[in-house]
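What follows is a set of notes on a single structure, which appears directly below.
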Protein chains: 2
Amino acid sequence: MNIGDIAKRTGLPAKTIRYYEEIGLVTPHREANGYRVFDDKDMHRLTFLARARALGFPIEDCRTLLALYKDDTRASADVKRIAQDHLAQIEDKILQLQSMRDTLTHLVRECAGDNRPDCPILKDLAKG
Amino acid sequence: MNIGDIAKRTGLPAKTIRYYEEIGLVTPHREANGYRVFDDKDMHRLTFLARARALGFPIEDCRTLLALYKDDTRASADVKRIAQDHLAQIEDKILQLQSMRDTLTHLVRECAGDNRPDCPILKDLAKG
DNA sequence: CCTTGACCTTCCCGTCACTGGAAGCCTTAT
DNA sequence: ATAAGGCTTCCAGTGACGGGAAGGTCAAGG
């Protein structure tokens, strides 16, 4: 399969797949004309990557997860730790965003949104 | 005030303040020796920026908000629209993160986390 | 007067995970 | 023969800074 086909099948942009090759996450073969050829193993790795990225794992986590996946002697504890750490980061982020959302919701509700200059949003930002 | 003092007072790193000057968000004077000098107006702008950034507004929104703040003839509707758009983005992001969190929480709960290789997290990532 | 340490300056590179675009080669169909 | 579309590499940009180097400045102490 060429890069366009695999892109369609994995849902990953061709650019992203080239980038993954550049950083060593996949190593497709090359045809005589220089084109990349992807086999089922590449397909599988890319699908794995797509799912891991969709769960928000950073690239380096993905690399580690792929290595663990390949390693039959892995301990599930190693996988779990990575997932838990990532989960903790996500939960932190959610809390931050919820706090922003709450403040913003309040401010937006207070603001008349008409053509007068008086604005509680700006007032709040300015009050420090 | 020198940059170190204003950094302490605003809570912004000196590096950030220099960056804000570079992109035109503040324009402190310069002493004969080249040092930046910040007055109360700069202080006020930086405090405004710190608060707006803390609410997650992107830099370009901050620039616009500062301009609106300065403009006595503004319509509060303009401010409100910016805040609402930003709020919508935050809510989107929260939903994405919550979806990730839910999946991860489930997977982590399923995983034994011992030294055996069997791992539902990897299984899920691999299944595509 | 000299030095030390704490400031300050600019400049450049690195972050993260791509994305856009240019310039040019390859393949397939007409 | 040519045109369309796919492929290649390489370079630059994103957002909002952070790290660190090389060097100027200032106040206090010996």
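Throughout, protein chains are lettered first and strands after them, A, B, ... in sequence-line order, and every chain is numbered starting at 1. All figures in this text were calculated on a predicted structure; none of them were measured in a lab.
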Whole angstrom is fine here: how far is it from [atom1] in [X] over to [atom2] in [N]?
{"X": "Glu22(A)", "N": "dT9(D)", "atom1": "CD", "atom2": "P", "value": "10 Å"}
{"X": "Ile3(B)", "N": "dT25(D)", "atom1": "CD1", "atom2": "C1'", "value": "15 Å"}
{"X": "Leu49(B)", "N": "dG15(D)", "atom1": "CG", "atom2": "P", "value": "16 Å"}
{"X": "Leu55(B)", "N": "dA16(D)", "atom1": "CG", "atom2": "P", "value": "14 Å"}
{"X": "Ile17(A)", "N": "dA17(C)", "atom1": "CD1", "atom2": "P", "value": "17 Å"}
{"X": "His29(A)", "N": "dT8(D)", "atom1": "NE2", "atom2": "P", "value": "15 Å"}
{"X": "Asn2(B)", "N": "dT9(C)", "atom1": "CG", "atom2": "C1'", "value": "12 Å"}
{"X": "Met1(A)", "N": "dG6(D)", "atom1": "CE", "atom2": "P", "value": "17 Å"}

Looking only at heavy atoms, which two atoms of Cys62(A) and Phe57(A) are closest? And how far apart?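 Minimum heavy-atom separation between Cys62(A) and Phe57(A): SG-O, 3.7 Å.
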
Minimum heavy-atom separation for Cys111(A) and Ile121(A), please, with both atom names.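 Result for this residue pair: CB-CD1, 3.8 Å.
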
Whether [Y] and [X] form a salt bridge (side-chain N of Lys/Arg under 4.0 Å from carboxylate O of Asp/Glu) is what I want to check.
{"X": "Arg116(A)", "Y": "Asp118(A)", "answer": "no"}
{"X": "Arg30(A)", "Y": "Glu21(A)", "answer": "yes"}
{"X": "Arg63(B)", "Y": "Glu60(B)", "answer": "yes"}
{"X": "Asp42(A)", "Y": "Arg45(A)", "answer": "no"}
{"X": "Asp5(A)", "Y": "Lys8(A)", "answer": "no"}

Taking OP1 and OP2 of dT9(C), is either one under 4.0 Å from a side-chain nitrogen or oxygen of Arg18(B)?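 Result: yes.
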
At under 4.0 Å, does any side-chain N or O of Arg30(B) touch on OP1 or OP2 of dT10(C)?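 Checking dT10(C) against Arg30(B), a side-chain N or O does come within under 4.0 Å of OP1 or OP2.
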
Between Pro58(B) and Lys8(A), just flag the one whose closest nucleotide in DNA chain D comes earlier from the 5' side.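 Looking at DNA chain D, the more 5' nearest nucleotide goes with Lys8(A).
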
To the side chain of Tyr20(B), which of dA17(C), dC17(D), dT10(C) is closest?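 The answer is dC17(D).
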
Give one of base, sugar-phosphate or nothing for Ile23(A), where a contact means two heavy atoms less than 4.0 Å apart.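 Since no nucleic acid heavy atom lies under 4.0 Å of Ile23(A), the category is nothing.
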
Contact string for nucleotides 19-30 of chain C, one letter per nucleotide 5' to 3', B = base within protein heavy-atom range under 4.0 Å, S = sugar-phosphate only, - = neither, reads SBB----BS---

